[in-house]
Amino acid sequence: MPQQPSYWKVLTRRKVLSNEGVESDTKLNRVLGLYDLTALGVGSTLGAGVYVLAGQIAKEQAGPSVMISFAIAALASLLAGVCYAEFGARVPKAGSAYIYSYVCIGEFAAFVIGWNLMLEYIIGTAAVCRGISLYLDTLISDTLKTTFAEIAPMHVSFFGSYFDFFAFGLVVVFGVALAFGVETSAIANNFCTCLNISILLFVIIAGSIKADFSNWSIDIANVNVTDTNLGTGGYFPFGISGTLKGAATCFFGFVGFDCIATTGEEVRNPRKNIPRSILLSLLIIFLCYFGVSTVLTLMVPYYLQDANAPLPYAFKNVGWTFAMWIVSIGGLIGLLASLFGALFPLPRVMYSMAEDGLLFRFLGKVSPRYRVPVVGSIFAAMITALIAGLFDLAQLVNLLSIGTLLAYSVVAISITILRYMDNSDESDRENGNQPSSESTLLTSTGNRITFKAVMIQSFNFKRVQIPNEISTRIVGTLMTLFCLLSLGIGLILMQAYDALESSELWAVMLLSILVILTTMVLIAICSQPREAYTRFFRVPFVPIVPAISIFINIYLMLQLDTMTWIRFGIWMIIGLSIYFFYGLPNSLRELRRQRVGWQKLKYSDYF
């Protein structure tokens, strides 16, 4: 009688993937190439942000140095992007960070990440639809708002003032289009993205003609403006701290490229195209943000920027009315491309989770004709459409940040664990033997681990060259400790910034101790044996690059307000209820069936 698996074993078990048929064994239709993926990443990210964000940050936070803010944010996004690129090459499956954490950390962590990705895409899509509705309304003198307020007013405090039928219908139309034709929808997205980039190139070229470099060295003594915070003038009117604060805001202008990673089972040659498209899309996005922010601050002084519509205002201010209308149309096209990019990944994540039995199975049913999860796509569109119609999303937009930053952090953690993970079962398979251990990181049936063995291996005093069970557990523990230390450093930088600035002894000592401990943790990780495989795209300088990415993400999450964390908690309670009452029993039954007769394959079969 086989031993029954425990709940802990189920919570920590890792996903089993086989290396055979990686690029052919899928129910979905492989129709997307490098150009399609790059357009998807650029279109989903380069939406309203490029038409609004630069002017808002220049006026309120960074001044002309907003271009440096975007450069810093681009670097932070690149750190997350290279982690996604490696996983996209090594695990070209639908599900993005969900599938990555399932392969490396375990089922429970994977569900939490998948559930948060759903939150990110639902709220993101609804926000884009509301933005399109409001943007269009400004062009037609609030006709939509007036009509909908008369037809369907709402008088509930946490809802919007009216039901937005336009936003509701827009999601439904795009959702149905995606459900029945990925290839056709991709062509439409490519067109919108190319048109959007062309308009931004026009903005950069036309704006450079009207550039005035004196706007980067303004003397506030000569400015007759009293209702605006001018700072100290010059290129850094709000100091370096203002530039860094602006970078934290700019970071969210790069959110969206991770949708590329959800297309792993619909991409031709995914191991090459996914890493290339992620890096290429980030480069294009950065160049557009950098170019637009540069000409914007050269055309109009930072303190005169329009926070809501900076580009149309800038061209109107220099007397180019025709350019103002071109930019206005470009904003609408950019929003439409963002809508496609926001809605596209949601049913893919749901499909992947449903296939694993963690969500309801009907959400993962793939149409044999269209080779798309039609039911999941329509279901996701209807939920998102309802939210877009009902809610005023101004107070919910920060929920986007939590889901995204948490996913970025888990991907970076997974990359580090993967690089130092024990692959000893692979030699067994090469000799025709069955692996002896369960596919789980935290529990296994290997050799007994003693305190002495752990202490010796902590800094690898015996210079072990091949990862083993002890070194793998040590790296997992050290990564947990690094996250806690990063949290402590972030809290000190936030709560004791004034004390640090005035060099108070307690604050400096506490920060120094945490920094020294963090450095020791990273040195200990670096000393551990690591895998030797080099077949795929790899993140450079592991664990340093993932560690920097994790710290930045944790620090940015700490910037979010209390109500955002409360809403996040409510969303998590709903998700955990589904997991413990539906997903966990499914996983327990499957693991029992594996114990009875199925051949178990560890994740390293795949690599």
Side-chain angles (χ1 to χ4, degrees), residues 71-90 97 100-101 103-106 109 112-113 244 247-248 251 254-255 257-258 261 275 278-279 282 401-402 404-422 441 457-460 467 471-494 510-531 536-559:
I72 296 172
L75 177 61
S77 300
L78 180 64
L79 296 176
V82 293
C83 294
Y84 270 94
E86 176 170 339
F87 262 127
R90 302 181 72 150
Y100 305 158
S101 54
V103 167
C104 286
I105 300 179
V112 171
I113 292 303
L244 295 176
F251 178 82
F254 290 85
V255 169
F257 72 87
D258 56 315
I278 288 176
L279 300 180
L282 280 174
S401 307
I402 288 185
T404 303
L405 292 170
L406 191 59
Y408 286 2
S409 300
V410 170
V411 169
I413 293 169
S414 299
I415 283 291
T416 306
I417 293 175
L418 177 63
R419 195 61 56 84
Y420 293 92
M421 187 170 283
D422 176 18
L441 178 63
Q457 186 60 45
S458 293
F459 287 92
N460 199 12
S471 67
T472 300
R473 292 196 186 187
I474 287 174
V475 170
T477 303
L478 290 174
M479 285 306 300
T480 303
L481 183 58
F482 174 81
C483 292
L484 294 175
L485 290 171
S486 297
L487 179 64
I489 293 173
L491 288 173
I492 290 176
L493 293 177
M494 281 184 57
L510 185 56
L511 181 61
S512 300
I513 291 172
L514 290 178
V515 170
I516 292 172
L517 290 175
T518 303
T519 304
M520 292 178 63
V521 166
L522 290 176
I523 293 174
I525 294 175
C526 290
S527 68
Q528 301 304 314
R530 63 177 71 192
E531 65 169 5
F536 313 119
F537 176 88
R538 289 162 65 89
V539 177
F541 307 113
V542 174
I544 304 303
V545 169
I548 295 173
S549 179
I550 293 167
F551 174 75
I552 292 173
N553 297 334
I554 290 175
Y555 184 75
L556 292 176
M557 279 192 282
L558 291 174
Q559 307 294 320

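What's counted below: heavy atoms across the whole structure, side chains too, no hydrogens, waters or symmetry copies.
Residues meeting the side-chain contact (heavy atoms from CB on, under 4.5 Å) test with Ser486, sequence neighbours left out: Phe482, Phe551, Ile554. Residues that satisfy the side-chain contact (heavy atoms from CB on, under 4.5 Å) test with Thr477, not counting sequence neighbours, are absent from this structure. Partners of Arg419 by salt bridge (Lys or Arg N to Asp or Glu O under 4.0 Å), not counting sequence neighbours, listed by chain and number: Glu86, Glu531. Remark: Leu491 engages Leu487, Leu558 in a side-chain contact (heavy atoms from CB on, under 4.5 Å) (not counting sequence neighbours). Under the side-chain hydrogen bond (donor to acceptor under 3.5 Å, both in side chains) criterion, Gln528 pairs with Gln457, sequence neighbours left out. Every residue meeting the side-chain contact (heavy atoms from CB on, under 4.5 Å) condition with Ala80, not counting sequence neighbours, appears here in chain and number order: Phe257, Tyr408, Ser549.
How far CG of Leu244 is from CD1 of Ile72: 5.0 Å, rounded to the nearest 0.5 Å. Rounded to the nearest 0.5 Å, atoms CZ (Arg530) and CG (Leu418) are 11.5 Å apart. Atom CD1 of residue Ile474 and atom CG of residue Leu478 lie 7.0 Å apart, to the nearest 0.5 angstrom.
Closest non-hydrogen pair, Cys83 versus Ile415, comes out as O-CD1, 3.8 Å. The minimum heavy-atom distance between Val545 and Pro540, with the atom names listed, is CG2-O, 3.2 Å. Scanning both residues, Leu282 and Gly81, for their nearest heavy atoms gives CD1-CA, 4.0 Å. When all heavy atoms are compared, the tightest approach of Ala76 to Ile552 is CB-CD1, 4.0 Å. The two residues Phe254 and Ser77 make their nearest non-hydrogen contact at CB-OG, 3.1 Å.
Counting only heavy atoms from C-beta outward, the side chains of Asn460 and Ser471 never approach each other to under 4.5 Å. Between Tyr420 and Val542, the closest side-chain pair of non-hydrogen atoms falls below 4.5 Å. Residues Met479 and Pro546 fail the side-chain proximity criterion, which asks for heavy atoms closer than 4.5 Å.
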Just distance, no hydrogens or angles: give the donor-acceptor pairs under 3.5 Å from side chains in residues 510-526, sequence neighbours left out.
| from | atom 1 | to | atom 2 | distance (Å) |
| --- | --- | --- | --- | --- |
| Ser512 | OG | Val508 | O | 2.7 |
| Thr518 | OG1 | Leu514 | O | 2.7 |
| Thr519 | OG1 | Val515 | O | 2.8 |

